[in-house]
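I have placed the structure first, in the form of structure tokens, so that the comments after it can refer back to it.
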Amino acid sequence: GAPAPSAIVINLGTNDFARRIPPREAFVSRYVQFVELLYDAYPNAPFFLLLGCSITDSPTRQRRTALNSYLDEIAQACQSQGMIVHRFDHTPQGPLGYGCDWHPNLAQQQLNGDETAAFIAEKMGW
């Protein structure tokens, strides 16, 4: 079979928070179930839960703040089960411009890729 992954990186929530903040309990519980499913398959791989660059706060909607707190709760729930879980927040987009339809442009993707790789390398001891 295929070799087990050295690490599992998950970046979910951007679309869920794009128009509204979803109910905390439903989002957190389903996300934890998803991580548990992956953990059952790969119990030796550490998890990296990412907060993507596209979620931002506005004066009327604190979407990034909400997703950040949800991810912290998810990480704590998984850690309490003995999983190795790390959290990382991408630098938000904006100062480097935007790509098509408000997606990250090449410069933003390079920044986020570099910072994610450095964080993972640090935590993995690479």
Side-chain angles (χ1 to χ4, degrees):
S6 298
I8 297 174
V9 180
I10 304 172
N11 181 2
L12 294 174
T14 298
N15 289 340
D16 300 292
F17 283 74
R19 299 197 192 285
R20 63 179 177 81
I21 297 173
R24 177 182 288 273
E25 185 175 327
F27 185 88
V28 169
S29 66
R30 286 179 179 88
Y31 200 122
V32 169
Q33 289 172 357
F34 177 63
V35 176
E36 289 170 340
L37 180 69
L38 293 171
Y39 180 74
D40 287 345
Y42 306 107
N44 297 319
F47 289 83
F48 293 85
L49 309 184
L50 306 183
L51 174 60
C53 68
S54 299
I55 291 294
T56 58
D57 285 340
S58 71
T60 58
R61 292 190 304 182
Q62 300 297 304
R63 297 176 304 169
R64 186 174 184 87
T65 299
L67 179 53
N68 189 39
S69 71
Y70 287 22
L71 290 172
D72 286 345
E73 185 176 333
I74 292 160
Q76 290 169 359
C78 293
Q79 289 164 348
S80 73
Q81 296 181 50
M83 299 178 211
I84 299 171
V85 179
H86 304 283
R87 283 267 300 106
F88 184 76
D89 298 349
H90 282 149
T91 298
Q93 69 180 8
L96 297 176
Y98 296 90
C100 179
D101 197 24
W102 300 101
H103 287 86
N105 64 12
L106 183 59
Q108 184 71 43
Q109 291 180 43
Q110 185 68 56
L111 169 65
N112 294 144
D114 289 346
E115 65 188 5
T116 303
F119 182 79
I120 291 171
E122 174 192 331
K123 295 298 182 186
M124 298 292 291
W126 296 342

* Dump the intermediate steps for side chain to side chain donor-acceptor pair (under 3.5 Å) on S54 and H103, then the final yes or no. => CA-CA 7 Å; S54 299; H103 287 86; over 6 Å; no
* **Contact summary for C78 and V85, nearest pair of heavy atoms** => CB-CG2, 3.6 Å
* So if you build clusters from Ile, Leu, Val, Met, Phe, Trp, Tyr with side-chain heavy-atom gaps below 4.5 Å, do F48 and F88 land together? -> yes
* Hey, any chance L67 and L12 share a hydrophobic cluster, counting ILVMFWY side chains that come within less than 4.5 Å of each other, even indirectly? -> yes
* To do: Give a yes or no on whether R24 atom CZ has more than 12 heavy-atom contacts from other residues, nucleotides or ligands under 6.0 Å away.
  => yes
* Asked: Does the side chain to side chain donor-acceptor pair (under 3.5 Å) test come out yes or no for D114 and Q110, once each step is laid out?
  -> CA-CA 6 Å; D114 289 346; Q110 185 68 56; 2.9 Å; yes
* Can you tell me if R61 uses its side chain to pair, donor with acceptor, with the backbone of R19 under 3.5 Å? -> yes
* Structure fact -> Contacts of F17 meeting ring-ring contact (aromatic ring centres under 6.0 Å, His included) (sequence neighbours excluded), chain-then-number -> F27, Y70
* **From L49 atom CG to N11 atom CG, the distance as rounded to the nearest 0.5 Å** => 10.0 Å
* Is a donor on one side and an acceptor on the other found under 3.5 Å between the side chain of S69 and the backbone of A66? -> yes
* Asked: How far does CZ of R30 sit from CD of E25, to the nearest 0.5 angstrom?
  -> 9.5 Å
* Asked: Out of curiosity, does L71 fall in the hydrophobic cluster containing I8 (side-chain heavy atoms, cut-off under 4.5 Å, transitive links)?
  -> yes
* Side-chain touch K123/P46, heavy atoms, less than 4.5 angstrom -> no
* Asked: Can E115 and N112 be said to form a side chain to side chain donor-acceptor pair (under 3.5 Å), step by step?
  -> CA-CA 5 Å; E115 65 188 5; N112 294 144; 2.7 Å; yes
* To do: Count the heavy atoms belonging to other residues, nucleotides or ligands that lie under 6.0 Å from OH of Y42, then report whether that count exceeds 12.
  => no
* Minimum side-chain heavy-atom gap I10-L38 below 4.5 Å -> yes
* Is F119 linked to W126 within one hydrophobic cluster, defined over Ile, Leu, Val, Met, Phe, Trp and Tyr using a side-chain heavy-atom separation of less than 4.5 Å? -> yes
* To do: Using a cut-off of 6.0 Å, state whether more than 12 heavy atoms not belonging to W102 lie near its atom CH2.
  => no
* Structure fact -> Value for CG (D89) from CG (N68), rounded to nearest 0.5 Å, stands at 4.5 Å
* Please check if the side chain of Q108 supplies one atom and the backbone of C53 the other of a donor-acceptor pair under 3.5 Å. => no
* Asked: Is the number of heavy atoms from other residues, nucleotides or ligands within 6.0 Å of CG (D40) greater than 12?
  -> yes
* **Inter-residue atom distance M124.CE - I84.CD1, 0.5 Å rounding** => 8.5 Å
* How far does CD1 of I55 sit from CD of Q93, to the nearest 0.5 angstrom? -> 9.5 Å
* Grab the two heavy atoms, one from R87 and one from L51, that are nearest each other, plus how far apart they are. => NH1-N, 4.0 Å
* Asked: Sub-3.5 Å donor-acceptor pair from the side chain of R64 to the main-chain atoms of S58, do we have one?
  -> no
* Would you give the length of the straight line joining atom CD1 of I120 to atom NE2 of H86, rounded to the nearest 0.5 angstrom? => 9.5 Å
* Verify same cluster id: I74, L37 (apolar side-chain graph, 4.5 Å) -> no
